[in-house]
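Here is the structure we will look at.
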Amino acid sequence: MPTPAVVDRFAPSPTGYLHVGGARTALFNWLLARHTGGRFLLRIEDTDLARSTEQAMLQLLEDLRWLGLQWDNADLVFQSRRLDVYNRLIDDLIARGLAYKAYDTTEELDAMRKEAEKARRQFVYRRGPVSAEEAARHEAQGRVPVVRFIMPVQEYRFTDEVLGEIALPADEADHFVIRKSDGMPTYHFAVVVDDAEMGITHVLRGQEHTKNTFRHIALQEALGYARPAYAHLTTIQNPDGSKMGKRDRDKAVRQRAQEWLKSSKKAPAELASLAKVLEERVATWLADSKKQLDIPEQLAVIHVIGLSSAELPEILIHDFRKNGYLPEALLNFLALLGWSPGGDRERMSMGEMVQLFSLDRVGKSNPKFDRAKLLAFNTEAAAAAPIERLVNAFRDYLSVNPESPLNNADDAALAKLLQMKKGFRLLREVDEASRFLFTPDEQIVYAPDAVEKVLRKQNGFAVLKDLRGILVSLHEWTAGELDAAVKQYAEQKGLGLGKVAQPLRVAVSGTTISPPIFESLEFLGRERTLARIDRCLALE
RNA sequence: GGCCCCGUCGUCUAGAGGCCUAGGACACGGCCCUUUCAAGGCCGCGACACGGGUUCGAAUCCCGUCGGGGUCACCA
């Protein structure tokens with residue numbers, strides 16, 4: 001029984017990095033298209049000239065590629081390049097008396113809104129066109145008009161594939177803006193025109209657009225377009241119930257920024273200039289904990305105050321990549337935020353998700369983003385992945401963490417590290433736990449508490465000296481031989497393995513935590529192991 | 001505040017009137033394994049927001065209350 005093919009799309013505005021909410025929207029669109037054998041298209045909604053950037057657009061594409069959500073249109077649609085199309089249509093609407101130029105200033109609009117608020121009702125703009133003389137007077141004053149669409153006053157209704165039947169009372173119909181005074185179309189207009197021209201059959205988007213749909217329907221009717229199916233997705237929230245990507249992260253940045261200002265005795269203005277962010281933005285942000293920085297601003301500030309993104313709650317897709325998550329695990333987790341295949345099914349490959357996906361199993365209530373569960377998914381995905389996959393993923397991780405010394409390792413070495421550390425949760429853990437193997441011997445830093453506890457208090461120096469003697473003349477430098485020799489020694493001395501392994505661990509890594517010790521020693525080699533033991537012994 | 005949507009363990013969810021003494025996963029607690037950190041194994045704790053109906057029977061249907069989210073831009 002074939003399901004009718006769909007054409008859907010992901011249409012981000014390039015104002016920042018892709019975040020989990022956007023990724024989830026993209027994923028659902030992708031799954032729906034793949035499930036039905038349809039097409040998944042990508043469109044760039046760059047009509048906001050002030051906030052759209054080329055860099056953000058490129059990053060968006062890279063994040064999508066990393067996730068593996070490949071789009072089917074080789075030529076991306078950029079709204080900013082389609083002005084003539086929109087303008088022709090808008091002029092036509094004006095000619096047909098369905099739209100008109102409006103000259104209100106921001107101040108006038110604000111005053112009207114205030115009035116509505118005072119009267120405790122919703123602000124609905126429905127002024128209608130001004131006379132030719134009035135228009136001429138405004139033009140003479142240099143006022144640049146917007147174009148407003150006359151949304152017919154009637155009740156609107158549509159059936160949302162997720163939420164069900166939704167209606168808008170007639171008195172909410174307003175004359176909304178379709179062309180801004182800078183000449184760009186608004187979101188409402190561009191989205192309707194492009195969806196129609198691209199042959200979009202299904203629009204899956206965030207819940208914040210639910211009510212916009214009525215405007216889009218009115219526009220479709222005026223323009224003679226078919227109405228696509230709509231599905232509005234829930235909002236992913238932080239554990240505290242606020243919108244994902246908002247408060248959570250901002251809170252952490254704010255706290256560190258304040259510490260930084262205090263300890264460096266710098267003024268907010270200096271922070272702003274170092275971060276190349278508007279001084280006023282930083283000042284009002286610092287002064288009001290309800291205010292938040294935009295993501296690009298946030299990134300700039302983080303950089304200045306020396307906060308690494310690994311320390312922040314991840315919200316951007318790029319954060320997850322940089323911290324060493326597997327995209328397939330992230331996607332599996334994200335899919336379950338608002339969708340369920342039913343029954344007990346949770347862990348799925350991309351192929352399985354494609355096969356099982358359906359809109360009627362998409363939920364209506366807002367999920368909270370639970371990092372612990374994501375971590376568990378990642379751990380399991382990593383444990384189940386073939387080694388070649390993990391090496392690839394590790395390479396990718398390292399490419400966005402260029403400061404890691406593991407960038408010097410070859411694939412065989414990476415595979416070895418991955419195997420040593422199996423059971424790991426994040427690639428970042430493998431990286432950090434293995435760095436000591438790539439650090440020059442003389443740069444190993446001995447953690448004071450480790451030295452105190454393991455070497456001084458527990459007689460570790462004496463053990464190390466004995467061990468050194470044994471290791472120098474070991475026939476074969478393999479984990480197996482090392483294991484056997486050290487265990488034999490421990491037995492002879494009547495010591496638990498811990499009393500013997502820990503001093504070794506501290507000697508070669510500087511800390512009490514490392515991958516399994518004998519494999520680590522094998523990896524390091526005899527010469528370097530002995531050099532480190534000697535260097536450690538010198539601490540006594 | 002107006003309008004729209006939502007409400008099952010701490011979290012993500014299964015559940016489409018009797019299969020429910022409500023299932024799974026993560027988290028949490030305990031035990032086991034163990035050279036560190038993990039991973040793993042076993043056991044356990046834990047929810048139908050509240051109040052009215054409808055029905056022989058309600059987590060499932062209806063109404064109300066409360067709670068949460070969205071939206072009211074020349075941003076998307």
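Chain A is the first sequence line, chain B the second, and so forth, proteins listed ahead of strands; every chain is numbered from 1. Computation of the quantities below employed the complete heavy-atom set of this structure, encompassing side-chain atoms and omitting hydrogens, waters and symmetry-equivalent molecules. This structure is a prediction, so every number in the text was calculated from the model and none was measured.
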Please identify each residue that fulfils side chain to side chain donor-acceptor pair (under 3.5 Å) with D431(A), with sequence neighbours left out.
Y397(A), S404(A), R435(A)
Under a 3.5 Å limit on both distances, the Watson-Crick or wobble mate of G7(B) is C66(B)
Please determine, for A47(B), whether a Watson-Crick or G-U wobble partner exists with both distances under 3.5 Å, and give it or none.
none
Give every residue pair that meets the salt bridge (charged side-chain N to carboxylate O under 4.0 Å, His left out) criterion with at least one member in residues 331-348 of chain A, sequence neighbours excluded.
R345(A)-E352(A), E346(A)-K373(A), R347(A)-E380(A)
What residues in residues 45-55 of chain A put a non-hydrogen atom under 4.0 Å from any atom of RNA chain B?
E45(A), T47(A), D48(A), R51(A)
Contacts of Y187(A) and F123(A) projected onto RNA chain B by closest heavy atom; the upstream (5') one is F123(A)
Please list, pair by pair, any protein nitrogen or oxygen found under 3.5 Å from a nitrogen or oxygen in nucleotides 28-30 of chain B.
none

Heavy-atom check, side chain of I315(A) versus side chain of N238(A), under 4.5 Å
no
Which residue pairs pass the salt bridge (charged side-chain N to carboxylate O under 4.0 Å, His left out) test when at least one of the two sits in residues 358-367 of chain A, sequence neighbours left out?
none
Might you list the N or O atoms of the protein lying below 3.5 Å from N or O atoms in nucleotides 4-14 of chain B, with each pair's distance?
from: C6(B); atom 1: OP1; to: K364(A); atom 2: NZ; distance (Å): 3.3
from: C12(B); atom 1: OP1; to: K368(A); atom 2: N; distance (Å): 3.0
from: C12(B); atom 1: O2'; to: L336(A); atom 2: O; distance (Å): 3.0
from: C12(B); atom 1: O2; to: K373(A); atom 2: NZ; distance (Å): 3.3
from: U13(B); atom 1: OP1; to: G338(A); atom 2: N; distance (Å): 2.9
from: A14(B); atom 1: O3'; to: R361(A); atom 2: NH2; distance (Å): 3.4
from: A14(B); atom 1: O2'; to: G343(A); atom 2: N; distance (Å): 3.4

What residues from residues 99-115 of chain A pass a heavy-atom cutoff of under 4.0 Å to RNA chain B?
D104(A), R113(A)
Counting only Watson-Crick or G-U wobble pairs whose two distances fall under 3.5 Å, which nucleotide matches U71(B)?
G2(B)
Applying salt bridge (charged side-chain N to carboxylate O under 4.0 Å, His left out), run through E491(A) and K487(A) and close with a yes or a no.
CA-CA 6 Å; E491(A) 221 163 283; K487(A) 276 191 180 140; over 6 Å; no
Show every side-chain hydrogen bond (donor to acceptor under 3.5 Å, both in side chains) that has at least one partner inside residues 171-180 of chain A, sequence neighbours left out.
N87(A)-R179(A), Y100(A)-H175(A), Q122(A)-E172(A), E172(A)-K211(A), D174(A)-R215(A)
C74(B) phosphate, OP1 or OP2: any side-chain N/O from R148(A) under 4.0 angstrom?
yes
How would nucleotides 35-47 of chain B be written as a contact map, 5' to 3', with B for base contact, S for sugar-phosphate-only contact and - for no contact, using protein heavy atoms under 4.0 Å?
BBBBS--------
P atom, G69(B) versus U55(B): distance in rounded Å?
37 Å
A side-chain contact here means heavy atoms from C-beta on lying under 4.5 Å apart; do Y230(A) and P228(A) qualify?
yes
Once you apply the 3.5 Å cut-off to both distances, tell me the Watson-Crick or G-U wobble partner of C33(B), or none.
none
Side chain to side chain donor-acceptor pair (under 3.5 Å) filter on R43(A), not counting sequence neighbours, yields E45(A), D195(A)
Pair listing, salt bridge (charged side-chain N to carboxylate O under 4.0 Å, His left out) test, anchored in residues 495-519 of chain A, at least two apart:
none
So, using salt bridge (Lys or Arg N to Asp or Glu O under 4.0 Å) as the criterion, who are the partners of E197(A) when residues are at least two apart?
R82(A)
For G17(B), the Watson-Crick or wobble counterpart (both distances under 3.5 Å):
none
